[in-house]
There are 2 protein chains.
Amino acid sequence: MTGFLRLIPVIEAIHIINRISPAVGTENVPLTAAYGRILAEDVQADTDIPGFDRSVKDGFAVNCADTVRASEAAPVPLTRVGQVVMGRGGNSPAIRPGECAYIPTGGALPKGADAVVMLEYCQDLGETVLAGRQVSPGENIIRADEDYARGEGVLAAGKHLKVQDIGVLAAVGVSRVAVRKRPVIGIVPTGIELVPPDQVPAAGEVRDVNSYLCGAFVEEMGGVPRYYGIVRDDRAELAALLSSALDECDAFLITGGSSKDDRDITADVIGSLGEVLAHGMALAPGKPTIIGKIGHAPVIGIPGHPASTRVVLAVLAGPLLRSLSGCTGRREAKQKAVLTRNIPSERGREEYVRVKLLGDEAVPLFGKSGLLNTLVESDGLIRILQGWEGLEAGCEVDVTLW
Amino acid sequence: MTGFLRLIPVIEAIHIINRISPAVGTENVPLTAAYGRILAEDVQADTDIPGFDRSVKDGFAVNCADTVRASEAAPVPLTRVGQVVMGRGGNSPAIRPGECAYIPTGGALPKGADAVVMLEYCQDLGETVLAGRQVSPGENIIRADEDYARGEGVLAAGKHLKVQDIGVLAAVGVSRVAVRKRPVIGIVPTGIELVPPDQVPAAGEVRDVNSYLCGAFVEEMGGVPRYYGIVRDDRAELAALLSSALDECDAFLITGGSSKDDRDITADVIGSLGEVLAHGMALAPGKPTIIGKIGHAPVIGIPGHPASTRVVLAVLAGPLLRSLSGCTGRREAKQKAVLTRNIPSERGREEYVRVKLLGDEAVPLFGKSGLLNTLVESDGLIRILQGWEGLEAGCEVDVTLW
C-alpha cells in the first residue's frame with residue numbers, strides 16, 4: 001500500500017460525495033407503493049382533519065353547562081333526543097339545553113353539544129339519561145381542525161416515508177404521491193482472481209462477494225442495483241464497460257480486487273474517463289478508497305476485502321445513496337453499549353471496528369479484515385475519531401447497527 | 001366499551017398468534033433477490049473458504065525461520081525467486097529456505113512459505129530482498145479453512161438476511177437460495193364512516209387510514225399486502241368478502257370502525273366463519289382487539305383509531321408476520337433514553353406510550369389517541385408492563401423505534 005499524497009478526512013470525503021451527487025428525478029406512485037420511498041414534495045392537509053368535531057369515546061353528547069356539579073352520587077337527568085349515526089354528520093340531531101344524544105366513538109358531535117360524557121358514567125333509562133360526571137367544554141372531543149388545519153404542513157420533502165407517514169398521507173387525501181426515483185447504481189467488481197458464486201474457486205481464486213454486498217446495501221438504501229459482470233483487471237475492459245453503462249446508471253460502485261495493481265487500474269480508468277476527486281481516505285479500513293466522477297455519475301472505488309467493503313459502504317456509500325435520493329434524514333439504528341475490551345487505534349485515521357452485542361456490552365471483533373465470519377457475527381460498528389488513541393474497556397460507545 | 005369476560009395478557013395473545021400462524025412455504029430465488037428475505041434452510045460452506053492460504057497484505061512470502069531476529073537495523077537478505085500472480089494459485093513459485101517471493105494482498109501463499117513480511121518492512125534490491133522484520137508462522141495469512149471449513153454451518157434457517165449475510169452466501173457458493181415466501185396479508189377496513197383517500201370526507205365521514213398503515217407495516221415486515229375495499233359495516237358483506245378472499249391470503253388484518261357496533265360485527269363474522277380465540281386484551285391502546293382463525297388463516301381484528309392501530313400492529317401484527325414468515329429472529333431497533341415526564345398507567349393493562357426522542361431524552365406524547373399528528377411526530381414506543389403503576393420522570397426506558 002503506497003503512500004498517498006494526502007489522506008482526506010472522512011467528513012471531507014462525505015462533503016465531496018454530497019457535492020457531486022444531486023438528487024435524481026421524481027415520479028408519481030400510488031400511495032400503496034410509497035412505503036420506504038423518499039417524499040419529493042412538501043405535503044399539506046387538503047382540508048381540516050378530522051373535518052368535524054368528533055367524539056373519541058362512546059357516550060352521550062351534552063351541553064356541558066348541564067353537567068355542572070354532576071357526580072355519580074348526584075347525577076343530572078337529561079332528555080335523550082336521539083342518537084348520532086356513524087358517517088352521517090349532517091343528519092345528527094341538534095340538542096338543546098337539558099338534552100343529550102347517544103354518540104359512538106368517532107361520531108360527529110351534534111349541534112348544540114360541546115362535550116361527551118363517557119358511557120360508563122351514564123345511566124341509560126330510555127327517554128332519560130342520568131349523567132354522573134361533570135364535563136368541561138371539548139372533553140372527549142377532537143376539534144374539526146385539531147389534527148391538521150387545512151393547508152397546514154404535514155410532511156416535508158426529503159422525508160423517508162415510514163409506516164405512520166403512509167397513514168397520514170391517506171388522511172390528508174393523498175392517493176398518489178411524488179417520490180424520488182430509486183437511484184440506479186452500477187456495480188462493477190474488478191479482480192483477476194474473481195469467479196462468480198456458482199463456480200468452485202480453484203487455488204488462488206475467490207468468489208465475487210463484493211457485488212452481492214454492494215447490491216444488497218443499495219437495496220437497503222432504497223436504490224436499484226444494476227449488476228455488471230466481473231472485470232478481470234483489464235483497463236480497456238473496465239473503461240469500455242463504464243462508458244457504455246453511463247447512460248444506465250446514476251452512480252457506480254467499483255470494488256477493487258484486493259491487490260494494489262487493481263486499485264491503480266480503477267483510479268487510472270476513472271481519471272481517463274472523468275476525474276479522480278480523492279484517492280486515499282483517513283479511514284480504517286478503507287484507506288485506498290477512491291472518489292471520482294465520470295460524466296454525471298459519481299463513482300466510489302472501494303478497495304479490498306469484503307469486510308472492508310462493508311465498512312466503506314456504511315461510511316461512504318450510505319451518504320451517496322442518501323444524497324442521490326434527496327433524503328434529508330434517515331434514521332440510523334444505533335445502540336449504546338459498554339465496550340468490553342480496549343481498542344488501540346492509529347491516530348491518523350477514523351477507524352471503524354466491528355462489534356458483537358451481548359446484552360448491553362459491545363465486544364470488538366478484531367479478526368483479520370479478510371474474514372467473513374466475523375462480519376456475519378457482528379451487529380454493527382463503532383467509530384473511533386481521527387486523532388483518538390483508541391477506546392478503553394468500560395467506556396460507553398454508540399454502536400451503529402447493521 | 002363493554003366489559004370483556006377476561007382481558008388476556010399480551011404475552012398470551014402473542015402465544016396464540018404464534019400457535020395459529022405456521023410458516024408459509026418456501027421458494028428459490030436468485031441471490032440478488034434475497035436481501036431482506038427469511039432464509040428457509042440451514043446453509044453450510046460448500047468448500048473451505050478461502051480455500052487456500054491467502055495473504056492479507058502486500059509483501060513478501062517467506063519461510064519465517066529465515067526471519068528470526070530480523071529487524072530494521074539488521075535486515076535478513078533473501079533471494080527473490082519470482083512473484084505470486086493473483087488468481088493463479090497453482091502456478092505460484094515454490095520457495096526454499098533463504099528465498100522469498102513477492103505476494104499481493106489476496107495472493108495464494110507459495111509452497112514452502114509460511115508467512116508474509118509486509119512490504120513496508122522490506123527493502124527491494126531486485127534479486128535480493130532485505131526483510132527487516134521477524135514474522136511468526138501464519139503471520140499476515142488467512143489459512144485455507146480459517147473463514148469457513150467445508151461443511152461448516154454458515155447461516156441458520158429463519159435468519160432475516162442482512163447485507164453481510166448476502167455477501168457470505170456468495171462466498172459459500174450460493175447463487176440461488178431457499179427463502180420463505182412472502183406471506184400475503186388481506187387487509188380489510190370496516191366502518192360505515194370510511195371513504196377512500198381520494199374523496200373529500202363529508203361531515204361525519206373520515207378517510208380510510210388504517211388500510212394504508214396496515215399495508216405499509218406488512219411491507220416493512222416482508223409480507224405482501226392485499227388491499228380489499230372498504231366494508232361498510234355490513235355483516236353479510238364482510239362474511240362474503242372473507243370467504244372469497246380466503247384462498248388468496250395467508251392471514252387477515254381487519255380494522256374495525258371506531259364504534260363498538262362495528263367491532264361486534266367483526267367478532268360475529270369471525271365467529272360465524274371460524275373461531276374467535278381471544279376478544280379483549282390487557283393492552284392499552286388496543287383493548288378490544290380480536291384474535292381468531294378462519295380456515296387456515298389467522299385473523300387479527302384491530303380496533304379503533306389509526307394511532308391505536310399503529311400500536312396494535314407493532315405489538316401483535318409483528319409477531320403474526322414473523323411467525324408466518326418463519327423468522328426466528330429479527331432485530332427491533334431500540335434505543336435507551338431518559339423519560340422526561342411521569343407517565344401514570346392503568347395497572348391492569350400493558351400500556352404503550354408514544355414518545356419523541358430529543359437526544360437522549362424520551363418525551364411522552366400524550367395527545368388524544370385519535371390524533372395522527374402525534375403519531376407522525378413520534379419516534380417509537382415505550383412499554384409499561386401490566387401491573388406497573390407507571391413510570392417516573394428521570395428513569396431509563398427502552399424505546400422501540402418505528
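Every chain is numbered from 1 and lettered A, B, ... according to where its sequence line falls, protein lines coming before strand lines.
Taken to the nearest 0.5 Å, the CG atom of A:Asn373 stands 5.0 Å off from the OH atom of B:Tyr148. With rounding to the nearest 0.5 Å, the separation of SG in B:Cys214 from CD1 in A:Ile166 is 13.0 Å. Between A:Leu375 atom CG and B:Lys162 atom NZ the span is 9.5 Å, to the nearest 0.5 Å. Interatomic distance, A:Gln164 CD to B:Thr309 OG1, rounded to the nearest 0.5 Å: 12.5 Å. To the nearest 0.5 Å, the span separating CG on B:Leu371 from CD1 on A:Ile142 amounts to 4.5 Å. Taking NZ of A:Lys336 as the start and CG of B:Asp360 as the end, the distance is 4.5 Å to the nearest 0.5 Å.
Using a 4.5 Å cut-off on side-chain heavy atoms (C-beta onward), B:Asp198 and A:Arg176 make no contact. Using a 4.5 Å heavy-atom cutoff, the side chains of A:Leu213 and B:Val163 are in contact.
Using a 4.5 Å cut-off between heavy atoms, A:Thr32 touches chain B through backbone and side chain atoms alike. The part of B:Val200 that comes within reach of chain A is its side chain, from C-beta onward, which places non-hydrogen atoms under 4.5 angstrom from that chain. Using a 4.5 Å cut-off between heavy atoms, A:Leu161 makes no contact with chain B at all. B:Phe52 touches chain A through its side chain: at least one heavy atom from C-beta onward sits under 4.5 Å away, while N, CA, C and O do not. Only the side chain of A:Leu155 has a heavy atom closer than 4.5 Å to any heavy atom of chain B. Interface residue B:Ile49: only side-chain heavy atoms are found under 4.5 Å from chain A.
Between chain A and the options B:Val174, B:Asp165, B:Thr47, B:Asp46, heavy-atom pairs under 4.5 Å are most frequent for B:Asp46. When each of B:Ala333, B:Gly173, B:Ser175 is scored by its heavy-atom pairs under 4.5 Å with chain A, the top score falls to B:Gly173.
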Quiz prompt | B:Met86 vs A:Arg232, side-chain contact (heavy atoms from CB on, under 4.5 Å): CA-CA, chis, key distance, verdict | solution = CA-CA 10 Å; B:Met86 285 299 286; A:Arg232 299 178 66 82; over 6 Å; no

Practice problem: Start with the C-alpha distance between A:Lys334 and B:Lys334, add both sets of side-chain angles, then the distance that settles side-chain contact (heavy atoms from CB on, under 4.5 Å), and finish with yes or no. | Solution: CA-CA 8 Å; A:Lys334 290 200 178 192; B:Lys334 290 199 176 193; over 6 Å; no

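Heavy-atom contacts from other residues, nucleotides or ligands closer than 6.0 Å to NZ of B:Lys57 number 12 or fewer.
Between B:Leu372 and A:Val168 the shortest heavy-atom distance is CB-CG2, 4.0 Å. The minimum heavy-atom distance between B:Val209 and A:Gly167, with the atom names listed, is CG1-O, 3.3 Å.
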